[in-house]
*Asks:* 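My questions will all concern the structure given below.
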Amino acid sequence: MPAYNPASIEPKWQNFWLENRTFKAEMVVDRPKCYVLDMFPYPSGEGLHVGHPEGYTATDIVARYKRARGFNVMHPMGWDAFGLPAEQYAIKTDTHPSVVTQKNIERFRKQLQAIGFSYDWSREVDTTNPKYYRWTQWIFLQLYNTWFDVGAQRGRPISELIDEFAAGTRMPEGSKAWNQMSDGEKRRLLEGYRLAYQLEAPVNWCPALGTVLANEEVIDGRSEVGGFPVERRPMRQWMLRITAYARRLLDGLDGLEWSESLKLMQRNWIGQSEGAMVQFQTDDGPIDVFTTRPDTLFGATYLVLAPEHPLVNLASKTCCLPAAWPAGTPAAWMGTPAAGAPRAAIAAYQGIAAARSERQRQEDVQKTGVFTGLMATNPVSHDRIPIFISDYVLIGYGTGAIMAVPAHDQRDFDFARKFALPVRQVVKANGAEQPLPFEGSGVAVDSPAINGLPTAEAKAEMCRLLEAQKIGRRQVSYRIRDWLFSRQRYWGEPFPLVHLQDGTTAPLADDQLPLLLPEMSDFKPTQTIDPPLSKAADWRDVMVLLSGAAEDPVARVVAADTPGAVRARRELNTMPQWAGSCWYYLRYLDPLNQDHFCDPQIERYWMGTPSGVDLYVGGAEHAVLHLLYSRFWHHVLYDRGHVSGAEPFRKLINQGLILGESEYTGFADASGCAISIDDVDPQWSTQAGPDGKSLLVSRRRSDGAVVYGRAVETQYVDRRGDAAVLKADNNIRLDARSFKMSKSRGNVVNPDDVIQDYGADSLRLFEMFMGPLEQVKPWSMAGVEGVYRFLGRLWRHIIGTPEFPSRLVHKKNGIYYRGPTKMSVEESQIAEQESQSLLRPLHRTIRKVTLDIDRLSFNTAISAMMEFNNLIGKTRTVDQDMALTFVRLIEPFAPHIAEEVYHQIRGDGALASISAEPWPQYDDAVCEEDSMDLPVQVNGKLAGRVVVSALATESYILEQARADPQISSRLAGREIKKHVYIKNRMLNLVVQG
RNA sequence: GCCCGGGUGGCGGAAUGGCAGACGCUCAGGACUUAAAAUCCUGUGACCGUUUUCGGUCGUGCGGGUUCGACUCCCGCCCCGGGCACCA
């Protein structure tokens, strides 16, 4: 037999699985389903890195294991292929993004197939395929045609809203009655209810990318992709009303098997706060503010509006700023430099605020602001209090206005200090006096009607008072904002709707889908706010025929001379990359369906019971965005009756990041004298050294001299306590750490290389053996070598090589055979004994591997199989049935070697694939030892051990322990006060002293 | 600043109230070999005594506590990683 050679067996079985559709999933109504899902990759130009196979191997193990346990397993893969990198690469190389994308997909598919994942490739989806994005557009139209019924907490068809308005059972917001409105007015009114709507709003405009970004895509004032500066700019945008679903998305988390930390991240993102809406009166009407501390209302000594608040919008009718400063206005309140009138001061401040990015606002901890010249009345103390504007109040949260309680809020306190505003303490801390501002809970003081009440009760009582006087009410507020859903890009889904000349919008009729991206040779950003699609003039301007209800029409594109056709312009924005990934897991279920995004019966089977995807594994970078957006869409589809449950992903695991190999860095000064890391400034930079390799450059802390750092090979490194030190001189400490893999660092590990050197099975095994799935772990080629050796040993034990004959024997009619050869009586006896001795370890291995896969503890399952393999190594023979069982256990982890060994052993008796063989059963009774080496402690410290039968009684064990010379010497004649016996675990003897 | 997660040999890690360090890597010694590779065997937390055998002490970031018994539970602190960050 040839030695273990993954290069020869792996491609063979990969082709076999593909050609025989071994892992094809079909709906079988009376079989239990198991949906095992990976986060599908963005097919980048770089190809796969070792981070991808981590989660993919974990799900593949589960998928293969569940199949063996009799489940009907759905395990698909696809491509999240729209997106900026492909578009940018296409611009740079002057190719079409679809060409680039298809090339990358080919490469990714090849790479994934080379790892031997058991995907059903017939279900592959590609978000850029019109047959796919036709349904992305369709779902968008579902959102467009849905409104959120707050009372019912549920999305409903817009047609039902129209019916209710028409019947008068629901009153539209605003002054005018429904049946007195024109069709255009009705359409505009309905737009205010739709889950997809347009908004002229300040957005995050990134000039370098030529697009608008969602808040989530902006990090510290720079784009998440590329790190380019982002500025604020008003623009008409499509928004999705995710805020309407805030409560549902929050409550839905409770029933999910997600890690608590992940749920917490989503909860924080949604950001529910309970408090009160309070109305303050001014001479020009009321101002509503939201507060979480209604108990501090008596301490509200001024109001602050966001600079963008409608009351101070100079262009608006709602603006009511006085012409002149009230008498006695301090100069400091009039802006810098002080303006002659409120309008001028406000205008100047708004200009500054608008120009400042989020980041600049955050960096500046100094509070700024301007007095509006307006006064309000505190509704409970009836004090006249001034109204300011300041950019520390955000227009997007609450009402964009706050009541300021400087005594009990740090921000208000800072502002009050700066503008010399009164600070009124209304909460007293329990216990010691606390300095102001005091933000904690305590007891209300100086607040008639709630004096003496603890904070929690004071809040409730104040809400009651406000409600009784109709000047406020309890209110729950959410931090989450509506989702900015349009991008000024070419490589995304076009919006399936047109703009009419009256400024309203009409969706395309379903039969108009897909709306294809126009073929364009020039899809570069325009350098203006116009998206690239504005250049496709033929596509942009169309004639449409409207049909359906006049207040809710649909459009069909027609020839220009069609009677009744009207001019329209297509939407020029495209959807963000999230759109396609919001629902791909549904399309896998029925990928070729031309009439539905997914057949309802098929959806009910795979997503119905148990509800949702059974296991979803992916990176933590999607903890909020993808997972929240996806849940939102799924909730809407659920409300509209298109899916059978509200939550798409019942169980979710985040795999941990894989770092590069551990690196040691040592520093030396210009003369080559080694310097300990403690004496090096940690702010170092990288430069190319004379040998072409990169060299770190930093400064010595003690004298500022330039020092150079370079990598130190492991063999020159020693450990002393926490520190890595130079072997040659233990006083020289080194910098030791693993880094995130990156091209610039040159520590990226390519799975193709690992497969070439060790094979896919070793790659899979090592990915799982490194440590717990969810943990951050450093890569190690030596570790890959370790699991490769394990597979080599397994091969030698069972199959054998020219140097190492196989240990495989089998029993027929009570006689052992080695191959076709009958074994001698003596050999046969040995084989029988060894077979007996391996029985218990084998059952324990089955149990351990089974339970460990169930709890996704793959590293420990692998070590259990290594132990069993080591045991085989100590025997001369291994029974064929046992070998088959063992190989069945390793199949989910290392499917190629398992398939090969299986077929070699079984020969003609083999099933088409080992994956069709059922999962081995274990017997708990066989697992238990019949005698045990029981540890005995004296006062909690190990004193010795006694060998007793597993059936031994407690009193017998105690007797044995007393009789043991080593243990009794520890007792030193002292009386045993009591003993604690934990069955089959240990015995503890408690003595005096 | 707030909220999570983590800290165990030279390294990755195992043990979730009951024998700390499974399994793997590394390193050292040995066997096989003309030699090397591969493979196999033995050892590998620290310190001390004995210097084969064997025995003892310490040891899971630091300090305290609960318990017959703590890596594991509780309190306080230190360090690392992640998330959020003027959200009223």
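Throughout, protein chains are lettered first and strands after them, A, B, ... in sequence-line order, and every chain is numbered starting at 1.
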*Asks:* For A/Leu264, report the nucleic acid contact type (base, sugar-phosphate, nothing); a contact means any heavy atom under 4.0 Å.
*Replies:* sugar-phosphate
*Asks:* Measuring only the C1' atom in each nucleotide, how far is B/C84 from B/C75? A whole number of Å is fine.
*Replies:* 27 Å
*Asks:* Write down the distance separating the C1' atoms in B/C54 and B/C73, rounded off to the nearest Å.
*Replies:* 38 Å
*Asks:* Assign B/G9 to syn or anti; the rule is syn for a glycosidic angle within 90° of 0 and anti otherwise.
*Replies:* syn
*Asks:* Is any side-chain nitrogen or oxygen of A/Lys941 closer than 4.0 Å to OP1 or OP2 of B/C58?
*Replies:* yes
*Asks:* Taking only side-chain N and O atoms of A/Gln775, does any of them lie within less than 4.0 angstrom of OP1 or OP2 on B/G13?
*Replies:* yes
*Asks:* Between A/Phe388 and A/Phe415, is the ring centroid distance below 6.0 Å?
*Replies:* yes
*Asks:* Do NZ/NE/NH1/NH2 and the carboxylate oxygens of A/Glu54 and A/Lys777 come within less than 4.0 Å?
*Replies:* yes
*Asks:* Report the residue (A/Met986 or A/Arg293) whose heavy-atom-nearest nucleotide on RNA chain B is the more 5′ of the two.
*Replies:* A/Met986
*Asks:* Is A/Phe804 touching bases, backbone alone, or none of the nucleic acid, heavy atoms closer than 4.0 Å?
*Replies:* sugar-phosphate
*Asks:* Under 4.0 Å, heavy atoms only, any strand: does A/Asp412 hit a base, just the sugar-phosphate, or nothing?
*Replies:* nothing
*Asks:* Look at A/Thr860 and B/A22 and indicate whether a side-chain polar atom (N or O) is within less than 4.0 Å of OP1 or OP2.
*Replies:* no
*Asks:* Go nucleotide by nucleotide along RNA chain B from the 5' end; which of A/Arg985 and A/Gln966 gets its closest nucleotide reached first?
*Replies:* A/Arg985
*Asks:* What contact category does A/Ser273 fall into here, base, sugar-phosphate, or nothing, at under 4.0 angstrom with non-hydrogen atoms?
*Replies:* sugar-phosphate
*Asks:* Determine the interatomic distance between P on B/A70 and the same-named atom on B/C62; round to the nearest Å.
*Replies:* 16 Å
*Asks:* For the side chain of A/Phe769, starting at C-beta, report the closest nucleotide among B/C4, B/G12, B/A88.
*Replies:* B/G12
*Asks:* Which is true for A/Val776 with a 4.0 Å heavy-atom rule: it touches a base, it touches only sugar-phosphate, or it touches nothing?
*Replies:* sugar-phosphate
*Asks:* Return no unless some side-chain N or O of A/Asn859 is found under 4.0 Å from OP1 or OP2 of B/C23.
*Replies:* no
*Asks:* Take atom CZ of A/Arg267 as the centre, draw a 6.0 Å sphere, and report whether it contains more than 12 heavy atoms from other residues, nucleotides or ligands.
*Replies:* yes
*Asks:* Does A/Arg764 come within less than 4.0 Å of A/Glu767, counting only side-chain N to carboxylate O?
*Replies:* no
*Asks:* Looking at A/Arg844 and A/Glu929, is there a salt bridge between them, counting it only when a charged N and a carboxylate O are closer than 4.0 Å?
*Replies:* yes
*Asks:* Is there a side-chain contact between A/Asn984 and the phosphate of B/G18, meaning an N or O under 4.0 Å from OP1 or OP2?
*Replies:* no
*Asks:* Expressed in whole Å, how much space separates the P atoms belonging to B/G30 and B/C23?
*Replies:* 24 Å
*Asks:* From the options B/C40, B/G18, B/A88, select the nucleotide whose nearest atom is closest to the side chain of A/Arg796.
*Replies:* B/C40
*Asks:* On the nucleotide B/A22, are OP1 or OP2 found under 4.0 Å from the side-chain N or O atoms that A/Arg844 carries?
*Replies:* no
*Asks:* Under 4.0 Å between any heavy atoms, over every strand shown, what does A/Thr292 touch: base, sugar-phosphate, or nothing? Just pick one.
*Replies:* sugar-phosphate
*Asks:* Does B/C23 pair with anything, Watson-Crick or G-U wobble, both distances under 3.5 Å, and if so, with which nucleotide?
*Replies:* B/G12
